[in-house]
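The residues of the chain are indexed from 1 along the displayed sequence.
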Amino acid sequence: MPEEKLSLQELWKRVSTSDSGSLMKKHLTPSVYNRLKSKVTDYGGTLADCIRSGCMHLKSHCGIYASDPEAYDTFSDVFYPIIREYHKVDKLEHPAPDFGDLNNLGFGDLDPKGQFINSTRIRVGRSHANYGFPPTSTKEDRLEMEKMTVDALRTLRGELAGKYYPLTGMTPAVQKQMTEDHFLFRDDDPVLGDAHGYDDWPAGRGIFFSNNKKFLVWVNEEDHLRIISMQQGGHLAEVWQRLVKGLHALEKKLTFAHHPKFGYLTFCPTNLGTTLRASVHIRIPHLSKHKDFNKICEGLNLQPRGIHGEHSDSVGGVYDISNKRRMGLSEIEAVQEMRRGVEKIIELESGLKTKGKL
Ligand code: ADP
Ligand code: ARG
C-alpha cells in the first residue's frame with residue numbers, strides 16, 4: 001500500500017499524462033472518466049478503488065480491478081471494452097459451466113515417461129456472493145468469509161480432507177518455505193498491494209491443504225477463494241478430476257458470485273468466466289530459446305510464466321505454461337485448449353532436441 005493514497009484526480013492525472021500501455025489507460029478516455037468519476041456502487045466502491053493499482057503501476061497490462069461485484073456494471077463504460085479486448089470476445093457472454101464427463105475425459109497423463117513435465121496444477125477463483133472485493137471489504141468481512149470457508153472445508157472427506165493454516169501466527173520461515181515450494185501465495189506483490197489486496201493483512205488469510213497436499217484452497221488472497229489441485233508429473237486427468245470433486249463439494253456449502261454475462265466473478269477482469277488456469281511446469285530448454293517462442297505460445301493460446309508465479313523468471317529452462325483464455329469458453333474447453341497446446345509444445349521441444357538445434 002502507498003504511504004499516502006493519491007486522490008482520484010491525482011491518479012487520473014498520473015495515468016492520463018503517462019505512456020502506460022494498459023487496457024485501463026486505453027479505455028478510460030477523458031469522456032469515460034468524466035462519466036464515471038462520481039459513481040459509487042452499493043458496496044461503496046469508487047473508480048479510484050478500481051484503477052489505483054494501474055495508475056501506480058504504469059507497466060500493468062490490464063491495470064484495473066473490480067472494487068466489488070457491482071463494479072463491472074457500475075463502471076461498465078471502462079470494464080466492458082477491457083473485458084472484450086482482454087478475452088478476445090466480441091459478445092459479452094459466457095457459456096454455462098461444463099466440467100466435461102469426468103469418467104470419460106479422453107486424456108490422461110501428458111508425459112507418461114516423465115521426460116518434460118515436473119508438475120501440473122489447475123486453479124479456479126471464486127468469490128462469496130454478496131461480499132465486496134478487497135477494496136470494499138472490512139476486516140470483519142474478511143474474518144467472516146474466512147470462517148464460512150473454513151466451516152465448508154471441514155466437511156471435505158476422503159482424499160480432499162485436510163487442515164487449514166491461518167497466516168496469522170504462521171512463522172515467517174514456514175511461510176517462506178511454503179511459498180518457495182509453490183504452495184502458498186506471495187505477500188509482497190506491489191501491484192496487488194496497491195489494489196488493496198493486502199489491506200488488514202494477514203487477517204482472514206490462510207491456506208488449506210488436503211492431507212496428501214494435492215488439494216489446496218487459498219483464502220482471501222487476490223480472490224476470496226482460489227481452489228487448487230496439483231501434483232508432481234503430468235497427469236492432467238487426475239488433477240482435473242480432483243479439482244472438480246473439491247469444487248462441487250464446496251459448492252454444496254457456499255454460494256459463489258456469478259454474473260449473467262461474465263460467469264464466475266473475480267477481483268481482476270482477466271480471471272472472469274471460468275476463472276481457470278491449468279498449468280504445467282515444463283522443461284523446454286530448446287524451445288524456450290527459440291526466437292519465436294512467445295509467438296508459438298500466443299498461437300496456441302498459451303501463456304508462459306516463470307516458475308515462481310506471475311512476473312517471475314524461468315529457472316533452468318523450466319517454464320509455467322498455461323491456458324490464456326478464461327472467458328467465452330467452458331471449463332473443459334479451457335483445459336482441452338491447454339492440453340492440446342502442451343502436447344504441441346512437447347512435440348516441438350522433442351523435435352529440436354533430436355535435431356540438437358536451438
Ligand atoms: P495463479 O494465478 O494461478 O495463482 P501464479 O502465477 O501466481 O498463479 O502462481 C502461484 C503459485 O503456483 C506459484 O508459486 C507457482 O510457482 C505455482 N504453480 C503454478 N503452476 C504450477 C505447476 N504447474 N506446478 C507447480 N507449481 C505451480
Ligand atoms: N493488474 C496486473 C496487470 O494489469 C495483473 C493482471 C493479471 N494478474 C492478476 N493476478 N490478476 O498487469
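- Remark: the backbone N or O of Arg326 is paired with a side-chain donor or acceptor of Thr274 at under 3.5 angstrom.
- Proximity of a side-chain donor or acceptor of His94 to a complementary backbone N or O of Gly328 within less than 3.5 Å is detected.
- In this structure, the side chains of Ile83 and Lys261 stay at 4.5 Å or more apart for every pair of heavy atoms.
- For Arg126, the side chain to side chain donor-acceptor pair (under 3.5 Å) partners are Thr275, not counting sequence neighbours.
- Around CG of Asp90, the count of heavy atoms belonging to other residues, nucleotides or ligands within 6.0 Å does not exceed 12.
- Using a 4.5 Å heavy-atom cutoff, the side chains of Phe79 and Pro269 are in contact.
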(request) For Leu236 and Leu105, run side chain to side chain contact (heavy atoms under 4.5 Å, CB included): C-alpha distance rounded to whole Å, both residues' side-chain angles, the deciding distance at 0.1 Å, then the answer. (result) CA-CA 10 Å; Leu236 185 65; Leu105 285 170; over 6 Å; no
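- Residue Gln9 places its CD atom among 12 or fewer non-hydrogen atoms of other residues, nucleotides or ligands, all under 6.0 Å distant.
- To the nearest 0.5 Å, atoms CZ (Arg277) and CZ (Arg305) are separated by 4.0 Å.
- In this structure, the side chains of Val318 and Val315 stay at 4.5 Å or more apart for every pair of heavy atoms.
- A heavy-atom distance below 4.5 Å is not found between the side chains of Ile122 and Ile228.
- For Lys88 and Glu298, the salt-bridge test passes: some basic side-chain N is under 4.0 Å from an acidic carboxylate O.
- Ser127 places a side-chain N or O within 3.5 Å of a backbone atom of Leu265 that can act as its donor or acceptor partner.
- There is no side-chain donor-acceptor pair under 3.5 Å between Thr266 and Asp223.
- Side-chain contact between Met170 and Met178 is present, with heavy atoms from C-beta onward closer than 4.5 Å.
- Dense packing is recorded around CG of Asn34, with more than 12 heavy atoms of other residues, nucleotides or ligands lying under 6.0 Å away.
- At least one side-chain heavy atom of Leu8 sits under 4.5 Å from a side-chain heavy atom of Tyr33.
- Met338 and Leu287 fall within a single hydrophobic cluster, where Ile, Leu, Val, Met, Phe, Trp and Tyr side chains are chained together by heavy-atom contacts under 4.5 Å.
- Ion pairing between a basic and an acidic side chain is recognised when a charged N comes within 4.0 Å of a carboxylate O; Arg52 and Asp194 show no such pairing.
- Judged as a salt bridge (charged side-chain N to carboxylate O under 4.0 Å, His left out), and not counting sequence neighbours, the contacts of Glu337 are Arg325.
- Side-chain N or O atoms of Glu331 include one that pairs as donor or acceptor with a backbone N or O of Asp98 at under 3.5 Å.
- Side-chain contact between Glu222 and Cys268 is present, with heavy atoms from C-beta onward closer than 4.5 Å.
- The OG atom of Ser279 lies 10.5 Å from the NE2 atom of His182; values are rounded to the nearest 0.5 Å.
- Between the side chains of Gln303 and Asn323, no donor-acceptor pair is found at a separation under 3.5 Å.
- Here Glu146 does not pair with Arg142 in a salt bridge; the nearest charged N to carboxylate O distance is not below 4.0 Å.
- Screening Thr74, Thr136, Asp68, Asp73 for a side-chain hydrogen bond (donor to acceptor under 3.5 Å, both in side chains) involving Thr41 leaves a single residue, Asp68.
- Among Tyr86, Phe262, Phe75, the one residue that satisfies the ring pair (Phe, Tyr, Trp, His ring centres under 6.0 Å) test with Tyr80 is Phe262.
- Between Asp320 and Arg121, every side-chain heavy-atom pair lies at or beyond the 4.5 Å cut-off.
- When each of Phe183, Phe185, Tyr165, Phe208 is checked for a ring pair (Phe, Tyr, Trp, His ring centres under 6.0 Å) with Trp218, only Phe185 meets the rule.
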(message) One pair to check against salt bridge (charged side-chain N to carboxylate O under 4.0 Å, His left out): Glu10 and Arg14. What are the steps and the verdict?
(response) CA-CA 6 Å; Glu10 289 165 329; Arg14 192 176 149 89; over 6 Å; no
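- Tested against Tyr65 for a ring pair (Phe, Tyr, Trp, His ring centres under 6.0 Å), the candidates Phe133, Phe267, Tyr72 yield a single pass: Phe267.
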(message) side chain to side chain contact (heavy atoms under 4.5 Å, CB included), that's the test. Do Leu225 and Thr149 meet it? Break it down for me.
(response) CA-CA 8 Å; Leu225 292 98; Thr149 308; 3.6 Å; yes
(request) Given ring-ring contact (aromatic ring centres under 6.0 Å, His included), test Tyr264 with His259 step by step and report yes or no. (result) CA-CA 6 Å; Tyr264 288 102; His259 188 282; over 10 Å; no
